[in-house]
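Notes to accompany the following structure.
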Amino acid sequence: MSAIAREAGALLMQYFHQKLKIEYKGEADLVTAADRASEALIRERIAAQFPTHDVLGEEQGLNERGGDYRWYVDPLDGTTNFAHGYPVFCVSMALEHWPSQDRHAGRPGKRVAAVVYDPTRDELFAAEQGRGAQLNGSAIHVSKTGELRQSLVATGFPSHKRHKNPNIYFYHQITLRTHGVRRAGSAALDLCCVAAGRFEGFWEFNLNPWDTAAGVLIIEEAGGRVTRFDGSAFELNSRETLASNGLIHDALLHEFQEIFAGRGLEPIPDPRRS
Ligand code: 2AM
Ligand code: CA
């Protein structure tokens, strides 16, 4: 899995270094070319080595082969960054074990392995269920910070339908309660930053299974926690992702409860008076 991610990452860097002038209308073409090439490569490698495995990828959707394993593939997470030449993007892959008896009984699959590769920094995050998480082969752990006000956290906003996304209110409130909120544009990398102790927490609305599948296992194996916004169990189709080092989780859940209830919302300052 790591070898495939490295190979796909190297391919992305070839496109990235071409530094093609991006017309706004042409943006989709360049991104699509890199996205598609990366996903095609990953699918080819999986099919050659694991011909019975199902693959769900962002670009091509689900390819079912009837096996007990399913891969979740984001061939380029951070597409907008990539298109603008901002070097924050990655390849994200997770493997789920979902035997047919569990499928038929309606039980969810188990995430067993995950890799997120950042080719711009040559950082490879990996985890195996029950065997911990690593960054470039060295064990990583979530941070030990237990105070929200000492925490650096991260979030993300979708690239389209932003008018339907309430996250700016959460961004504002959580900014006032923490050391800061970063918004770098790659959910998979944000999740890995929680796993590596760089961020204490991360949340985002409406992420897709290929954005979260790998990062969630890496966080859990690094000792962190991932839930929905009300604290209930996270599932890949939850569309609500709240991740943390575990220590600030209840405090974050409390903030979410307050914001959803409309309590304690600080007014946005008048820009003409600041
Ligand atoms: P992408 O780069 O593969 O599109 C931004 O914080 C995160 O949200 C990125 O991981 C990005 O993945 C994802 N994203 C972008 N647009 C989205 C959308 N419309 N709906 C859901 N997720 C989106
Ligand atoms: Ca993505």
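Whatever order the structure lists ligands and atoms in, that order sets their numbers, starting from 1.
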Taking distance alone, with no angle check, do Glu204 and ligand 1 share an N/O pair under 3.5 Å? yes

Salt-bridge present (Glu7, Arg45; N to O < 4.0 Å): yes

I'd like to know if Asp54 and Arg103 make a salt bridge, using a cut-off of under 4.0 Å between side-chain N and carboxylate O. yes

Can you name the atoms of ligand 1, numbered from 1 with element, that are less than 4.0 Å from a heavy atom of Thr79? 1 (P), 2 (O), 3 (O), 4 (O)

Is there a path of hydrophobic side-chain contacts, each under 4.5 Å between heavy atoms, that joins Trp210 and Phe205? no

Side-chain heavy atoms under 4.5 angstrom apart, residues restricted to Ile, Leu, Val, Met, Phe, Trp, Tyr: same cluster for Ile219 and Ile140? no

Kindly give the atom name of the N, O or S atom of Asp211 closest to the Ca ion (ligand 2). OD1

What I want to find out is whether Arg225 reaches Asp250 closely enough, with some N-O distance under 4.0 Å, to be called a salt bridge. yes

If you group Ile, Leu, Val, Met, Phe, Trp and Tyr by side-chain heavy-atom gaps below 4.5 Å, do Phe157 and Phe202 land in one group? no

Using a 4.0 Å cut-off to any heavy atom of Asp74, which atoms of ligand 1 qualify? 3 (O)

Please determine whether a side-chain nitrogen of the Lys or Arg among Arg36 and Glu59 lies less than 4.0 Å from a carboxylate oxygen of the Asp or Glu. no

Atoms of ligand 1 under 4.0 Å from any heavy atom of Gly156, numbered from 1 in the order shown, are 6 (O)

Can you tell me which portion of Arg183 lies within the under-4.0 Å heavy-atom range of ligand 1? Options are side chain, backbone, both, or neither. neither

Carboxylate-amine/guanidinium proximity below 4.0 Å for Arg6 and Asp122: yes

What's the atom name of the N, O or S in Asp77 nearest to the Ca ion (ligand 2)? OD1

For Phe50 and His53, take the angle between the two ring planes, folded into 0 to 90°, and tell me which bin it lands in: parallel under 30, tilted 30 to 60, perpendicular over 60. parallel

Provide the atom name of the closest N, O or S atom of Asp74 relative to the Ca ion (ligand 2). OD2

Heavy-atom proximity to atom 23 (C) of ligand 1, picking from Pro75, Ala187, Gly185, Pro158, points to Pro158

For Phe229 together with Phe234, are the ring centres under 6.0 Å from each other? no

If we number the atoms of ligand 1 from 1 as shown, the ones under 4.0 Å from a heavy atom of Leu76 are 3 (O)

Does Phe157 have a heavy atom less than 4.0 Å from any atom of ligand 1? yes

Under the 4.0 Å line, does any protein heavy atom show up next to atom 14 (N) of ligand 1? no

Closest to atom 21 (C) of ligand 1 among Asn206, Asp190, Leu207, Asp211 (heavy-atom distance): Asn206

Output the list of atoms in ligand 1 that are nearer than 4.0 Å to some heavy atom of Gly78, sorted by atom number. 1 (P), 2 (O), 3 (O)

Atom 11 (C) of ligand 1 - nearest protein heavy atom and its distance: Asp77 OD1, 3.8 Å

